[in-house]
Amino acid sequence: MKPFINEDFLLETEAAKELYQIHASPLPIIDYHCHLSPKEIAEDRRFSNITELWLGGDHYKWRAMRANGIQEKYITGDASPWDKFQKWAETLPYTLRNPLYHWTHLELKTAFGIEKVLNPSSAREIYDTCNEKLAQSGFSARGLMLRYNVETVCTTDDPVDSLEFHRQIRESEFSVKVLPAWRPDKSMAIDNPEIYNAYLDTLSSVAGIPITSYDDLMEALKNRHDFFASQGCTVADHGVSSFPWAEVTQKEAASIFKKVRGGDRLKLDETIKLQTAILLDLCRMNHDKGWVQQFHFGPLRNVNSRMFNLIGPDTGFDTIGDYRCAESVARFLNALDSDNRLAKTILYNLNPADNTWVAAMIANFQDGSVPGKIQMGSGWWFNDQLYGMEAQMNALSMQGLLSRFVGMLTDSRSFLSYPRHEYFRRVLCNLLGKDLEKGLIPQEEIGRVGKMVEDICYYNTKNYFKF
């Protein structure tokens, strides 16, 4: 009997197997959006046990454990590493049909060579084997990146970050390129004036520019934007809940900014106007430098206030929002395009109900200057699994050019998340392989399909980002 994770995993046809083994599997990984710690890469962090590496910040697993009735002390609390691992092993058999079941076993196989299924009976052996390997030199942060054939990663960095660890990585001549990505969300987080003004004070200090007006804010952000560019940054990332849009003049933006800088809480329409103005100006900066800009939209964050107060953000209490924002996205992109300042843009929708309109929307702003200039991002967060990936690629195929798609990313804080790329590649090859065998794609075009797979998995990304 073949092991659960084998060479044909997720590949249902002979064509799919050929596409994956020949065209997808050998290619390096470009992970152009992740939340890895540059400090951990710079210092080549060693992990004392598999729990620290695997469960330390994985809110996907935490959500599943809570759903299985596991007490919080075994999730984010002070239970021992073994006890936490054991509770995850108890939970895993209940995750059948959840992507965590696939990801867990892919990670065990690809990182540690473990082909056994994880359950309470095998937990101790697997725990000990993983820990023995983690003590070896090839299982540090950098070692894992090399093990997965990673070529380039882009981290997620605030404008006030010093980027000192990126510099250290660069000067160490580590073969993996680790680049910063500009994430200025806090410059738009104006809901709480006290927190916002404290952030602006930090930005002012780092940029060396007093921030008393809207123009000062833009000057300080431009200063840091220039600094990021000097450190190799070519990618911006913007996370929003409901995509902001309102007609707003510079005079209005200046007046509203003065209010919030003075500590006043804004009305909803004022908030949307100021956020629109800031985001438009940030996007103009991106265009002027030739950067790629990404927009992640649709999450409803921190919905459990009790748990937020106990353990903070990014701990598994965000969900999918049902915002209606197609018109806002259209007007926002149009405002930039009208001034010929729309940069290469990737749109990631969290709500899968938005797949079709996003796939249709990107076609409105392709201008012939760059293949796939406006992209529909890969299945993100709650959608980066078999059915979510297929739904995203099917929507893009029906409304645009799947062949120009820039493919997968991890969006992860874990050094064991690179099998997400393998998972995506297998799903892609299976999708195309089934079309070949059904006669929906001519058999004589299998060579062209092979090239299409290579482009989506690697070459489109490399050319689009110019890494």
Side-chain angles (χ1 to χ4, degrees), residues 33-35 57-67 72 75-76 98-100 156 158 183-196 199 237-246 260 265-276 278-279 282 293-333 346-359 361 376-385 387-389 391-392 395 409-413:
H33 174 66
C34 75
H35 295 273
D58 192 340
H59 53 76
Y60 289 80
K61 293 186 178 76
W62 296 350
R63 286 168 69 93
M65 292 170 76
R66 291 178 188 126
E72 194 66 28
I75 302 171
T76 61
N98 185 295
L100 284 164
T156 304
D158 189 274
R183 180 74 176 247
D185 294 358
K186 290 181 180 178
S187 70
M188 295 174 53
I190 57 183
D191 292 336
N192 187 314
E194 183 178 355
I195 295 174
Y196 184 61
Y199 174 76
D237 184 50
H238 305 277
V240 296
S241 292
S242 178
F243 213 100
W245 172 257
V260 72
R265 190 171 292 273
L266 302 178
K267 298 176 182 177
L268 178 59
D269 64 323
E270 293 175 321
T271 296
I272 295 173
K273 283 188 175 185
L274 184 54
Q275 287 179 331
T276 301
I278 294 171
L279 191 55
L282 288 167
Q293 60 191 13
Q294 304 174 86
F295 296 96
H296 291 82
F297 62 93
L300 188 59
R301 295 188 182 274
N302 305 317
V303 300
N304 187 323
S305 59
R306 178 178 61 85
M307 293 305 293
F308 177 79
N309 291 331
L310 280 173
I311 57 177
D314 302 321
T315 50
F317 299 98
D318 302 331
T319 192
I320 297 171
D322 60 352
Y323 310 102
R324 297 179 62 85
C325 55
E327 184 175 358
S328 296
V329 171
R331 294 193 176 193
F332 187 90
L333 296 180
I346 307 176
L347 300 176
Y348 303 86
N349 55 290
L350 190 58
N351 192 329
D354 296 336
N355 278 346
T356 301
W357 76 251
V358 172
M361 181 69 70
M376 180 185 187
S378 60
W380 168 47
W381 198 343
F382 293 98
N383 303 309
D384 60 352
Q385 27 70 14
Y387 301 107
M389 291 176 185
Q392 183 268 343
L409 49 101
T410 63
D411 189 33
S412 175
R413 293 168 173 79

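- Residue pairs meeting the salt bridge (charged side-chain N to carboxylate O under 4.0 Å, His left out) criterion with at least one partner in residues 185-195, sequence neighbours excluded, are Arg183-Asp185.
- Donor-acceptor pairing under 3.5 Å is lacking for the side chains of Asp322 and Asn351.
- The side-chain contact (heavy atoms from CB on, under 4.5 Å) search around Ala359 returns Met376, Ala395, Gln399, not counting sequence neighbours.
- In this structure, Phe297 CZ and Ser241 OG are separated by 11.5 Å, a value rounded to the nearest 0.5 Å.
- In this structure, Thr410 contributes its side chain and Cys34 its backbone to no donor-acceptor pair below 3.5 Å.
- Side-chain contact check for Tyr196 versus Leu266: every heavy-atom pair is 4.5 Å or farther apart.
- With a 4.5 Å cut-off on side-chain heavy atoms, Asn383 and Gln392 do not count as touching.
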### Task
List the steps and the verdict of side-chain contact (heavy atoms from CB on, under 4.5 Å) for Phe332 and Leu279.
CA-CA 9 Å; Phe332 187 90; Leu279 191 55; 3.5 Å; yes
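- Listed for the Tyr323 side chain is a donor-acceptor partner under 3.5 Å among the backbone atoms of Pro299.
- Side-chain contact check for Glu72 versus Arg66: some heavy-atom pair is nearer than 4.5 Å.
- Separation of atoms CG (Asp58) and OG (Ser412) is listed at 7.0 Å; rounding is to 0.5 Å.
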### Query
Going through the checks in order, is the side chain to side chain donor-acceptor pair (under 3.5 Å) test met by Trp357 and Asp354?
CA-CA 6 Å; Trp357 76 251; Asp354 296 336; 3.0 Å; yes
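- Residues Cys325 and Asn349 form no side-chain contact, since every pair of their non-hydrogen atoms from C-beta on lies 4.5 Å or further apart.
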#### Entry: Worked check of side chain to side chain donor-acceptor pair (under 3.5 Å) between Trp381 and Asp411
CA-CA 8 Å; Trp381 198 343; Asp411 189 33; over 6 Å; no
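- Side-chain contact check for Gln275 and Thr271: no donor-acceptor pair (N or O, by modelled atom type) lies under 3.5 Å.
- Note on ring orientation: taking the six-membered ring where Trp is involved, the planes of His296 and Trp380 are perpendicular (angle over 60°, cut-offs 30° and 60°).
- Of the inter-residue distances, the one linking Ile278 atom CD1 with Ser187 atom OG reads 5.5 Å to the nearest 0.5 angstrom.
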### Query
Do Phe382 and Leu350 pass the side-chain contact (heavy atoms from CB on, under 4.5 Å) test, and can you show the C-alpha distance, the side-chain angles, and the key distance before you say yes or no?
CA-CA 7 Å; Phe382 293 98; Leu350 190 58; 3.7 Å; yes
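- The structure places CE of Met65 at 9.5 Å from OG1 of Thr76, a figure rounded to the nearest 0.5 Å.
- No side-chain heavy atom of Val358 sits less than 4.5 Å from a side-chain heavy atom of Tyr348.
- Remark: side-chain polar atoms of Gln385 are not paired, donor with acceptor, to backbone N or O of Asn98 under 3.5 angstrom.
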Could you go through residues 307-319 and list every donor-acceptor pair under 3.5 Å that involves a side-chain atom there, pairing it with any protein atom two or more places apart or in another chain?
residue : atom : partner : partner atom : Å
Asn309  : ND2  : Ser305  : O            : 3.1
Thr315  : OG1  : Gly312  : O            : 2.9
Asp318  : OD1  : Asn302  : N            : 2.7
Asp318  : OD2  : Arg301  : NH1          : 3.4

### Message
side-chain contact (heavy atoms from CB on, under 4.5 Å) for Glu327 and Trp245? Distances and angles first, verdict last.
### Response
CA-CA 9 Å; Glu327 184 175 358; Trp245 172 257; over 6 Å; no
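- Smallest separation of non-hydrogen atoms from Ala326 and Met361: O-CE, 3.3 Å.
- Side-chain atoms of Tyr199 and Asp158 form a donor-acceptor pair, as typed in the model, at a separation below 3.5 Å.
- Closest approach of Gly379 and Asp384 over heavy atoms only: O-CB, 3.2 Å.
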